[in-house]
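Have a look at the structure below, then the notes.
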Amino acid sequence: MSRRLRLWVLAVGGLGVAALLAAACLRLPGFGGDVHPYGDRAVKASLARHTSNTIASVNFDQRAFDTLGEETILFAAVLGTVVLLRQTRDERQVRPAPEKVATPVRRYALIMLPVALLTGLYVIAHGQLSPGGGFQGGVVVATALHLLYIGADYRALERIRPVGLYEVGDAAGEAAYLILGVAGLVGGSAFLANTLLPYGTFNTLASGGTVPLLNAAVGMEVGCAVVVLLARFLDQAVEIEKNTGTGKDRDA
């Protein structure tokens with residue numbers, strides 16, 4: 001395909017998207033008005049299924065299929081990173097030397113590590129009740145572990161971060177979301193339909209039907225994915241060197 005033809009394809013596609021967006025905007029309610037059809041329906045559906053956090057209800061119930069797509073994008077990005085940053089034949093792995101860390105930095109990082117970790121787990125567990133959820137909490141949990149790298153050294157981080165285990169966790173979180181979706185079909189409903197479990201008592205951890213389970217699956221997948229992602233980049237920056245015979249050339 002020539003450059004000119006590619007530009008024409010891009011222009012036609014862009015004009016099509018622009019036309020669809022313009023048509024959609026013409027049907028939107030007036031700005032600042034008191035009519036909010038989507039918001040009213042979303043809140044009503046959330047309350048009907050005993051999910052006190054309407055955003056969680058939208059993400060894991062009303063448009064759970066879209067959330068599966070977002071989760072899959074992260075899964076594919078991590079998979080691509082693992083493939084691209086794998087150790088090649090002309091590289092070797094060298095154990096990093098211990099780094100000296102200032103006492104205040106070490107003390108602060110080691111104090112904040114359990115606090116940040118518990119905060120992330122809390123955000124995941126209460127995603128259907130309060131702001132937050134699996135995406136936000138998973139990132140907090142993953143980055144909390146890396147406070148050990150800041151407060152101690154890379155070898156200390158490696159002891160609590162077996163990358164292979166987190167790769168399995170990443171795949172398991174993605175698979176759990178899909179299995180819950182298929183369970184809806186097996187139960188005689190639709191894919192990812194929130195009809196499998198009782199909705200429970202409003203504003204409790206067990207409320208919302210399958211929303212807490214989908215939220216937990218996303219939290220597991222995101223947390224493990226971010227750990228694997230950072231591990232591959234850190235390995236390249238800290239441990240992987242070009243095998244030139246001198247060991248002095250670092251492939252960052």
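Keep in mind that the numbers below use all heavy atoms, side chains included, and drop hydrogens, waters and symmetry copies.
- A donor-acceptor pair is defined here as one N or O able to donate and one able to accept, closer than 3.5 Å; such a pair exists between the side chain of Asn53 and the backbone of Gly127.
- No side-chain donor-acceptor contact under 3.5 Å links Gln128 and Ser207.
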For Leu110 and Leu148, what are the C-alpha separation, side-chain angles and deciding distance, and is it a side chain to side chain contact (heavy atoms under 4.5 Å, CB included)? CA-CA 7 Å; Leu110 296 182; Leu148 192 60; 3.8 Å; yes
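- Between Phe75 and Asp170, the shortest heavy-atom contact is CD1-OD1, 3.5 Å.
- The shortest non-hydrogen separation linking Ile160 to Tyr166 is O-OH, 3.5 Å.
- Both Val78 and Phe233 are assigned to one and the same hydrophobic cluster, defined by single-linkage of ILVMFWY side chains at heavy-atom distances under 4.5 Å.
- With hydrogens and angles ignored, the 3.5 Å screen pairs no side-chain donor or acceptor of Ser46 with any backbone N or O of Ala42.
- The main-chain N or O of Asn194 is found under 3.5 Å from a side-chain atom of Tyr199 such that the two form a donor-acceptor pair.
- The backbone N or O of Gly200 sits less than 3.5 Å from a side-chain atom of His50, completing a donor-acceptor pair.
- Cluster annotation: Leu165 and Val163 are assigned to distinct hydrophobic clusters (Ile/Leu/Val/Met/Phe/Trp/Tyr, side-chain heavy-atom contacts under 4.5 Å, transitive).
- Under the 3.5 Å distance criterion, the side-chain polar atoms of Thr51 are left unmatched by any main-chain donor or acceptor of Ser57.
- At least one side-chain heavy atom of Arg63 sits under 4.5 Å from a side-chain heavy atom of Asn59.
- To the nearest 0.5 angstrom, Ser130 atom OG is 5.0 Å from Tyr122 atom OH.
- Here the closest heavy-atom approach between residue Ala64 and residue Leu214 is recorded as CB-CD1, 4.4 Å.
- Of the N and O atoms on the side chains of Asn215 and Tyr177, not one donor lies less than 3.5 Å from an acceptor on the other residue.
- In this structure, Leu84 CG and Arg232 CZ are separated by 11.5 Å, a value rounded to the nearest 0.5 Å.
- If you chain together hydrophobic residues whose side chains sit under 4.5 Å apart, Val186 and Phe191 fall into the same group.
- The distance from atom CG of Leu230 to atom CG of Asp235, rounded to the nearest 0.5 Å, is 10.5 Å.
- Proximity of a side-chain donor or acceptor of Thr81 to a complementary backbone N or O of Ala77 within less than 3.5 Å is detected.
- Of all non-hydrogen atoms in Ile111 and Val115, the two that sit nearest each other are O-CG2, 3.5 Å.
- Side-chain contact between Arg161 and Leu145 is absent, with no heavy-atom pair separated by less than 4.5 Å.
- A side-chain donor-acceptor contact under 3.5 Å links Arg86 to the backbone of Val83.
- Residues Tyr149 and Val101 form no side-chain contact, since every pair of their non-hydrogen atoms from C-beta on lies 4.5 Å or further apart.
- Not a single donor-acceptor pair under 3.5 Å links the side chain of Glu221 to the backbone N or O of Gly169.
- Val211 and Phe135 end up in the same hydrophobic cluster when Ile, Leu, Val, Met, Phe, Trp and Tyr side chains are linked at under 4.5 Å.
- In this structure the side chain of Glu174 reaches within 4.5 angstrom of the side chain of Leu68, judged on heavy atoms.
- A distance of 9.0 Å separates CG in Leu196 from CG in Leu213, rounded to the nearest 0.5 Å.
- In this structure the side chain of His126 reaches within 4.5 angstrom of the side chain of Leu205, judged on heavy atoms.
- In this structure, Leu5 CG and Leu10 CG are separated by 11.5 Å, a value rounded to the nearest 0.5 Å.
- A 4.5 Å side-chain heavy-atom check between Ser52 and Phe202 finds at least one atom pair inside the cut-off.
- Atom-to-atom distance recorded for Leu15:CG and Leu20:CG is 11.0 Å, nearest 0.5 angstrom.
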Step by step, would you call Glu167 with Val82 a side chain to side chain contact (heavy atoms under 4.5 Å, CB included)? CA-CA 10 Å; Glu167 289 175 340; Val82 170; 4.2 Å; yes
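- In this structure the side chain of Val140 never reaches within 4.5 angstrom of the side chain of Leu121, judged on heavy atoms.
- When all heavy atoms are compared, the tightest approach of Thr67 to Val218 is CG2-CG2, 4.5 Å.
- Looking only at side-chain heavy atoms (C-beta outward), Leu129 and Asn203 come within less than 4.5 Å of each other.
- Leu234 and His146 make their closest contact through CD1-CD2, 3.8 Å (heavy atoms, listed as atom of the first residue, atom of the second, distance).
- A donor-acceptor pair is defined here as one N or O able to donate and one able to accept, closer than 3.5 Å; such a pair exists between the side chain of Arg41 and the backbone of Pro37.
- Grouping the Ile, Leu, Val, Met, Phe, Trp and Tyr side chains by contacts below 4.5 angstrom, directly or via other members, places Val226 apart from Met220.
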